[in-house]
Number of protein chains: 4
Amino acid sequence: MGAKKKDILIQFNRDIILASARKLFQLSGINRTSMDEIAREADCSKSTIYVYFKNKDEIINYIVYEHMVLLRNALQECTPDNKDFERSYYAICNTLVDFQEQYPLYFESLLSEIDVEQEKIQQPGLLADIYKVGEQINDIIGELLKSGIEHNCLREDLELIPTVFYLWSSISGIILLANQKQKYLKMRVGMDKTMFLNYSFKTLLQSIIK
Amino acid sequence: MGAKKKDILIQFNRDIILASARKLFQLSGINRTSMDEIAREADCSKSTIYVYFKNKDEIINYIVYEHMVLLRNALQECTPDNKDFERSYYAICNTLVDFQEQYPLYFESLLSEIDVEQEKIQQPGLLADIYKVGEQINDIIGELLKSGIEHNCLREDLELIPTVFYLWSSISGIILLANQKQKYLKMRVGMDKTMFLNYSFKTLLQSIIK
Amino acid sequence: MGAKKKDILIQFNRDIILASARKLFQLSGINRTSMDEIAREADCSKSTIYVYFKNKDEIINYIVYEHMVLLRNALQECTPDNKDFERSYYAICNTLVDFQEQYPLYFESLLSEIDVEQEKIQQPGLLADIYKVGEQINDIIGELLKSGIEHNCLREDLELIPTVFYLWSSISGIILLANQKQKYLKMRVGMDKTMFLNYSFKTLLQSIIK
Amino acid sequence: MGAKKKDILIQFNRDIILASARKLFQLSGINRTSMDEIAREADCSKSTIYVYFKNKDEIINYIVYEHMVLLRNALQECTPDNKDFERSYYAICNTLVDFQEQYPLYFESLLSEIDVEQEKIQQPGLLADIYKVGEQINDIIGELLKSGIEHNCLREDLELIPTVFYLWSSISGIILLANQKQKYLKMRVGMDKTMFLNYSFKTLLQSIIK
DNA sequence: CATGAATGAGGATTCATTCAT
DNA sequence: AATGAATGAATCCTCATTCAT
């Protein structure tokens with residue numbers, strides 16, 4: 001392994017480290033993953049990590065960034081032409097559900113993505129990039145809504161940006177809970193996760209369409 | 001009699017420790033509060049804490065429980081007779097907003113309250129108690145919906161329990177985001193937190209009323 | 001050792017830790033002594049040290065304090081009655097020489113004792129104590145000079161406090177160099193350390209006496 | 001010719017590295033300057049530094065050497081003809097004061113310049129060079145004293161070399177303390193640094209002149 | 001000559017928990 | 001019941017130095 005790595009992957013070490021971190025974060029959570037563990041998994045010395053990354057935060061931010069890009073790309077494909085509003089709406093919902101299932105960790109980080117200080121966002125860097133992708137995600141939903149309004153399928157008293165956040169927060173909340181109460185729902189009303197999600201997304205849709 | 005006195009004393013000490021923990025958790029967060037600090041604040045030895053509580057988790061759970069009771073009681077007062085559906089709905093929303101503002105820590109714990117394993121819930125204990133209060137909170141919303149249906153002000157295709165969770169998760173998601181994006185919303189659309197919340201709660205309501 | 005320690009010395013652990021630190025500091029210098037080494041020497045866990053001391057600085061400060069007290073006490077005995085100025089002067093010089101030989105580390109710390117921030121000095125604590133002992137040492141020399149002036153053996157244009165610092169700094173400088181250039185002096189002018197010191201102290205005295 | 005060109009290039013690179021180290025040492029202290037930082041500042045790889053210097057110590061020694069040369073040159077100008085003893089004495093004092101203010105780092109290294117082992121001094125190398133410059137500095141003071149004796153302005157019982165060290169150590173001690181106790185002196189006796197220095201140098205002079 | 005890559009050996013501090021008394 | 005004492009296991013991070021190419 002060590003030899004193989006040296007010969008073939010010399011320049012991909014950054015990727016190896018990232019892959020290790022990604023794997024361990026997914027496995028045991030970000031905080032419970034130590035730099036020692038990442039080093040062990042990446043089959044390199046702890047100090048080597050510090051050659052490639054300034055500190056743990058840089059690794060975390062990078063991986064968060066990656067996942068946001070993933071999500072953004074997936075969301076972009078949901079609204080190919082913004083023609084069929086409902087179809088696009090459900091596509092977005094399902095994309096978020098899939099994302100939550102694949103990357104529960106980063107789904108949560110999406111929700112707790114706190115209001116970063118302006119200064120940090122304005123300096124170029126990972127944080128600024130993360131912020132930008134966040135904006136792009138908002139824009140995707142915003143564009144969809146705009147076209148929905150133009151096509152006259154949405155209630156007329158809607159305000160664009162607030163509605164973006166309204167939808168985003170409701171959908172996220174619904175997905176989060178669907179996951180947590182999975183067993184409970186099954187037991188109590190014989191509904192599986194997907195059924196609950198569909199029911200909720202449909203109901204939520206009622207609040208904005210004519 | 002001697003025994004009774006003893007029990008009172010025990011409860012007294014427990015309360016002091018809990019009060020200390022509560023105060024410090026609120027002040028600096030649960031993780032950043034050490035057992036040392038709790039002991040210092042409670043003016044007792046660290047080991048004494050372990051006489052009254054099995055470990056830190058038990059303290060945390062207890063305080064989470066307390067806050068859930070607080071929230072349940074506040075929610076109970078929102079639906080005195082379940083007559084005016086809308087009034088009760090907004091009362092519940094505002095109660096949750098207030099709760100989030102007063103106890104942001106426990107509001108989040110409400111959301112991340114994971115699907116505890118069945119076994120733990122069924123054995124009597126803190127976890128079972130927490131679960132029960134959770135149920136009671138669900139019931140409050142459930143009762144409100146039920147009466148809303150009876151009074152014929154809700155859409156007829158609604159299913160009771162899924163709707164409880166649908167509302168709960170959407171409202172929570174909205175409150176969470178309102179808090180995080182406060183500055184952003186102000187900057188971008190000149191909307192303050194309260195305005196956004198009102199807008200969202202009103203929109204959400206549209207999804208269930210006739 | 002472990003058993004013996006537990007049985008007999010339970011409450012003297014602080015002292016054991018201090019003794020270990022003292023020994024290692026003397027041996028390899030303060031910075032080059034790690035908490036690990038102190039723990040090993042004290043035959044206790046590293047964490048145990050943190051039970052008794054807030055951090056490494058507290059240990060350092062404490063030991064510095066101890067040595068300053070030692071020096072102050074030794075200096076106090078140099079000027080029993082302040083009657084014989086010259087005798088007292090030489091006694092002080094020699095005391096400093098002895099101190100430097102016994103505790104070279106703390107002799108240097110005496111010289112580099114930087115202008116601590118006022119705030120830290122005014123709050124009670126180790127730093128304030130260290131400062132106070134420093135003042136007492138100054139006072140000892142000050143009293144000696146005052147009596148020297150009263151007994152009319154000193155030049156009349158001397159100013160008290162500046163002269164205290166003038167003497168202190170010159171004597172310290174002389175002792176420091178005497179130590180460093182020991183071999184050189186011997187080789188170059190066949191003078192041993194003591195001879196050089198006596199010569200210098202005598203010469204220095206000429207600058208203040210009539 | 002090719003060789004000569006090579007030599008020039010080598011020296012050029014050395015100089016760049018030294019300049020970077022010099023700058024950073026001055027800025028943040030020797031210990032707090034890492035090889036990484038020097039490399040970054042010199043715009044070369046860390047390993048390149050090791051091509052030109054054996055290790056960090058060699059860089060440090062070289063820069064110390066440079067500063068000693070600087071000081072030696074400055075001191076040489078203080079005693080152009082050794083005619084006016086007092087004028088030269090004060091010039092030397094002031095040069096040292098200036099040096100301390102400009103290069104506090106190397107002023108301290110002057111004082112702690114420990115008795116290097118004979119062996120190291122005798123092998124040609126940086127350490128030997130440093131030693132030699134130290135000698136030259138001594139000689140400057142020595143020459144001044146010699147001429148002072150010849151001009152009959154110094155006490156007759158003075159011994160040359162011991163007096164060189166006596167003066168050097170006293171003056172250094174005075175400057176060091178003047179710097180550390182600056183605030184204290186101002187507060188306690190309303191004396192600023194310069195006043196204290198002048199007072200002390202004047203007093204010290206009394207110990208050697210007739 | 002120049003360097004990219006890698007690292008071993010620290011280093012200070014934190015904290016929940018145990019246990020004998 | 002109460003506690004003083006002790007600690008093991010982490011945790012993030014630093015840095016001078018080596019070596020194959």
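Numbered from 1 within each chain, the chains take letters A, B, ... in sequence-line order. The basis for the numbers below is simple: all heavy atoms, side chains too, and nothing from hydrogens, waters or symmetry mates.
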By side chain to side chain contact (heavy atoms under 4.5 Å, CB included), which residues pair with A:V69, not counting sequence neighbours?
-> A:Y65, A:R72, A:N73, A:V133
Salt bridge (Lys or Arg N to Asp or Glu O under 4.0 Å) contacts in which one or both residues fall within residues 56-65 of chain D, not counting sequence neighbours | none
Side chain to side chain contact (heavy atoms under 4.5 Å, CB included) with B:P104: which residues, sequence neighbours excluded?
-> B:Q100
Residue mapping more 5' on DNA chain F - nearest nucleotide basis, D:E37 or B:S45 = B:S45
Could you state the CG-P distance from B:D43 to F:dA2, rounded to the nearest angstrom?
-> 13 Å
Residues of residues 47-59 of chain B with a heavy atom under 4.0 Å from any atom of DNA chain E, listed by number, are B:S47, B:Y50, B:N55, B:K56
Report the stems of DNA chain E as range-with-range entries sorted by first number; a stem here is at least three consecutive pairs, Watson-Crick or G-U wobble, both distances under 3.5 Å, and write none if there are none.
-> E:2-21 with F:2-21
Can you list, by residue number, the residues of residues 28-36 of chain B that have a non-hydrogen atom closer than 4.0 angstrom to DNA chain E?
-> B:T33, B:S34, B:M35
Partners of D:S28 by side chain to side chain contact (heavy atoms under 4.5 Å, CB included), sequence neighbours excluded?
-> D:T33
Between F:dA10 (P) and A:I38 (CD1): distance, integer Å | 15 Å
Pairs where residues 14-35 of chain D contributes a residue and the test salt bridge (Lys or Arg N to Asp or Glu O under 4.0 Å) is met, not counting sequence neighbours = D:R22-D:E66, D:K23-D:E41
Ring pair (Phe, Tyr, Trp, His ring centres under 6.0 Å) with C:Y62: which residues, sequence neighbours excluded?
-> none
Can a donor-acceptor pair under 3.5 Å be found between the side-chain atoms of D:K46 and the base atoms of E:dT3?
-> no
Between CZ of B:R40 and C1' of F:dT3 the distance, given in whole Å, is 16 Å
Residue among A:F25, A:F107, A:Y106 satisfying ring pair (Phe, Tyr, Trp, His ring centres under 6.0 Å) with A:H67 | A:Y106
Separation of E:dG4 P from A:R14 CZ (nearest whole Å) | 16 Å
Exam field: side chain D:S20 to backbone D:I16, donor-acceptor pair closer than 3.5 Å = yes
D:Y52 meets the side chain to side chain donor-acceptor pair (under 3.5 Å) criterion, sequence neighbours left out, with D:N13
B:I16 atom CD1 is separated from F:dA1 atom P, nearest whole Å, by 16 Å
Residues forming a side chain to side chain donor-acceptor pair (under 3.5 Å) with C:S45, sequence neighbours excluded = C:S47
At under 4.0 Å, does any side-chain N or O of D:N13 touch on OP1 or OP2 of E:dC1?
-> no
Partner residues of D:A39 under the side chain to side chain contact (heavy atoms under 4.5 Å, CB included) criterion, sequence neighbours left out = D:K46, D:I49
